[in-house]
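Read the structure below first, then the notes.
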Amino acid sequence: MSIPGLTLPGLTLSNAPPPTSAPSPTSRTHTLPPRTEYRFESPPHSPLTIKLLSGTAELFGTELAPQVPYNFQHAKGAVYTWHGCVLEITGAADGEYVAEETPMGQYANLHFALEGMRNAAEMGGGIGPRVCVVGPAGSGKTSLVRILTGYAVKARRQTVVVNLDPGMGMLSVPGTLSAATFASLVDVEEGWGSSPISGPSVVPVKMPLVYHLGSAVPEENARLFKGLVTRLALAVTSRLDEDGDVRAGGCVVDTSGSVASGKGGYELIQYIVSEFSVTTLIVLGSERLYSSLKQLYPPGSPTSILKLDKSGGCVDRDESWMRAARQAQIREYFFGRGAVTLSPYTQMLDFASTSIFRVSGPATSSAFDPGASSTADDDDEYEPEVYGSAQDKITPSLALQNSLLAVTHADPSESADEIRMASVMGYVYVADVDEGKKKLRVLSPVSARVPAKALLWGGFPEDVVDLVG
Ligand SMILES: Nc1ncnc2c1ncn2[C@@H]1O[C@H](COP(=O)(O)OP(=O)(O)OP(=O)(O)O)[C@@H](O)[C@H]1O
């Protein structure tokens, strides 16, 4: 047990420890005193393996099972211990050290405060805390959301996690916005774990609701972003309203660092807070942001603001690191990871039977204007580019090769805006385009025919050139 008084359901069921083996010659051990963490950066091409030999430890809020090797490749992270532990590390690290100063005490206190709100909600039949984490890029927002989710699961809560940072996907590919209820263990190695559309998983899978934003930062597509935020918020709110198991758990929303940059007077943060009726706004790593938001949400407003320390372990990731991480996430979506190897399904599609819509150009419909009443639309300094309408049905060409297509729930006959705003069933990868035979060879994570729905192409994430040989 990492945190006194909490139990971790399901761990032994999903991660049975293998027989203990003698340490390999390349391995080393680290003895961690209580309340310290082992921080590591694993290289892109060889795994760093961490095994808990004794004591208790957790990675971003999820407890490590004893004697189980966890593999990390092209990853940065920290294993924290409340009561002390011994770790066995195997493989080369790009960087590793044990840190004594961490904000984990603050994060645990926040968890207990949220538990208090959840208990009160349970007693009164109301909805639990709606938490939103904001801060600059690399300030540790996603890590904190994972920690809060892991602790909520340990406390036997069900919490809805919402990812509004399209830079990396949650239970999906990059370029998406998504929401999922976490009632079971969060995957230690894989971040958020697997969704059913990408095959079996060692830990229980979560069913995400996914939308295709198709850009890396919300401002590139601010209007569409708002529309999708509204749709996600409606879905999450109705889930919280209707599902008694989830209601008290509330939700935790992760955001993109770009919305904290101050452009437009934090208009997108205000939009998110209002759509999700956020009760608790957590600011990480920026005094300026905290001070500005305090003016927007003074004491007595329904949203309370809390500033927490950024972990000294948070590391900046340059564009080439992020690009490699995105490509790895897409590869895992189709092929799985580590022991869970998936067999994606290849199929041929006739040009005539596909309805592919290019994502580009300004949104034209006046009906699609979810942010029209927003004050910042009048802000002269803030002129977000409005791209993203599903405008033209295209004839497949070589330009599609190596790209992802979002398979939406929309029928091709629906309006351009409905198609653009539709939720996504999953993604297929265009492995080959034969313009002569008018056929596409696509890779799909499930062995079923690609349904005759509207497919979206373009934008972000970038092409993955060597996904299939
Ligand atoms: N305590 C820690 N020790 C080591 N690495 C850490 C620690 N906390 C976070 N990191 C790493 O730092 C990087 C940035 O953290 P994180 O992704 O949580 O930040 P973020 O604010 O969500 O970033 P972005 O806005 O760019 O998505 C990640 O690679 C994460 O794994």
Side-chain angles (χ1 to χ4, degrees), residues 30 32 35-44 48 50 57-62 70 72-82 87 89 93-108 131-150 161-170 174-178 186-192 213 215-219 252-261 268-269 272 282-286 289 308-326 328-329 460-461:
H30 283 285
L32 270 62
R35 293 177 172 257
T36 59
E37 70 186 12
Y38 165 74
R39 293 178 180 159
F40 63 89
E41 289 184 35
S42 60
L48 181 79
I50 301 178
E58 59 189 45
L59 189 127
F60 296 139
T62 298
Y70 292 97
F72 300 92
Q73 199 163 322
H74 196 61
K76 305 174 195 256
V79 175
Y80 183 80
T81 178
W82 290 97
L87 300 176
I89 315 294
D94 281 346
E96 60 177 348
Y97 62 99
V98 175
E100 291 178 1
E101 281 189 23
T102 79
M104 288 300 287
Q106 281 185 11
Y107 297 175
V131 182
C132 177
V133 184
V134 295
S139 57
K141 298 179 295 297
T142 306
S143 307
L144 176 59
V145 171
R146 279 180 65 184
I147 289 168
L148 295 176
T149 307
V161 179
V162 182
N163 178 38
L164 300 184
D165 178 3
M168 286 294 283
M170 179 189 76
T176 54
L177 307 181
S178 59
V186 183
D187 196 296
V188 168
E189 293 174 339
E190 241 186 297
W192 290 111
L213 182 67
S215 51
V217 288
E219 288 79 357
V252 188
V253 181
D254 190 8
T255 59
S256 159
S258 68
V259 301
S261 64
L268 291 182
I269 293 181
I272 294 165
I282 310 290
V283 182
L284 273 181
S286 170
L289 176 63
L308 294 181
D309 291 342
K310 168 184 172 178
S311 168
C314 286
V315 268
D316 290 335
R317 297 151 300 169
D318 60 21
E319 180 46 30
S320 72
W321 196 96
M322 289 304 296
R323 188 187 166 98
R326 289 195 293 270
Q329 188 171 60
F460 177 84

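Only a predicted model underlies this, so the values are computations on that prediction, with no experimental measurement involved. For ligands, and for the atoms within them, numbers begin at 1 and follow the listed sequence. Basis for what follows: all heavy atoms, side chains included, without hydrogens, waters or symmetry-related copies.
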>> Check this for me: does any side-chain nitrogen of one of E58 and R146 sit under 4.0 Å from a carboxylate oxygen of the other?
In response: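 No, E58 and R146 are not salt-bridged.
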
> What are the two closest non-hydrogen atoms of L32 and V79, and how far apart are they?
Replying inline: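 Where L32 meets V79 most closely, the heavy atoms are CD2-O, 3.8 Å.
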
>> If you compare all heavy atoms of G169 against all heavy atoms of T176, which two are closest, and at what distance to 0.1 Å?
In response: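 Nearest heavy atoms, G169 then T176: CA-OG1, 3.9 Å.
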
Output the list of atoms in ligand 1 that are nearer than 4.0 Å to some heavy atom of [X], sorted by atom number.
X: P136; result: 21 (O)
X: R39; result: 1 (N), 3 (N), 4 (C)
X: S311; result: 1 (N), 2 (C)

When you measure from [atom] to every protein heavy atom, which one gives the shortest distance, and what is it?
atom: atom 9 (C) of ligand 1; result: S143 OG, 3.2 Å
atom: atom 5 (N) of ligand 1; result: G313 O, 3.1 Å
atom: atom 12 (O) of ligand 1; result: V315 N, 3.3 Å
atom: atom 27 (O) of ligand 1; result: D165 OD2, 2.9 Å
atom: atom 21 (O) of ligand 1; result: K141 NZ, 2.7 Å
atom: atom 31 (O) of ligand 1; result: K76 O, 2.6 Å

For the pair [X] (side chain) and [Y] (backbone), establish whether a donor and an acceptor sit closer than 3.5 Å, ignoring hydrogens and angles.
X: D165; Y: A216; result: no
X: S286; Y: P136; result: no
X: Q106; Y: D309; result: yes
X: S42; Y: H74; result: yes

Contact check, [X] vs ligand 1, heavy-atom distance below 4.0 Å:
X: G135; answer: no
X: G140; answer: yes
X: E37; answer: yes
X: S256; answer: no
X: F60; answer: yes

> For ligand 1, is any non-hydrogen atom under 4.0 Å from D254's backbone (N, CA, C, O), its side chain (CB onward), both, or neither?
Replying inline: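 Under 4.0 Å from ligand 1, D254 contributes no heavy atoms.
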
> Counting only heavy atoms, which portion of R317 has something under 4.0 Å from ligand 1: side chain, backbone, both, or neither?
Replying inline: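 Side chain only; the backbone of R317 stays clear of ligand 1.
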
>> K76: which residues meet the salt bridge (Lys or Arg N to Asp or Glu O under 4.0 Å) condition with it, sequence neighbours left out?
In response: E41

> Sequence neighbours excluded, which residues qualify as salt bridge (Lys or Arg N to Asp or Glu O under 4.0 Å) partners of E101?
Replying inline: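 For E101, no residue satisfies salt bridge (Lys or Arg N to Asp or Glu O under 4.0 Å) once neighbours in sequence are set aside.
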
> What about C314: any of its N or O atoms under 3.5 Å from an N or O on ligand 1?
Replying inline: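 By distance alone, the answer is no.
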
>> Is there a polar contact, in the sense of an N or O pair closer than 3.5 Å, between G138 and ligand 1?
In response: yes

> Heavy atoms only: which of A325, A78, G167 is nearest to atom 2 (C) of ligand 1?
Replying inline: A78

> Once you round to the nearest 0.5 Å, how far does NE2 of H30 lie from OG1 of T36?
Replying inline: 11.0 Å

>> As an exercise, state the distance from OG of S139 to CG of L144, rounded to the nearest 0.5 Å.
In response: 9.0 Å

> Do S258 and S256 have side-chain atoms, one donor and one acceptor, less than 3.5 Å apart?
Replying inline: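 Side chains of S258 and S256: pair found under 3.5 Å.
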
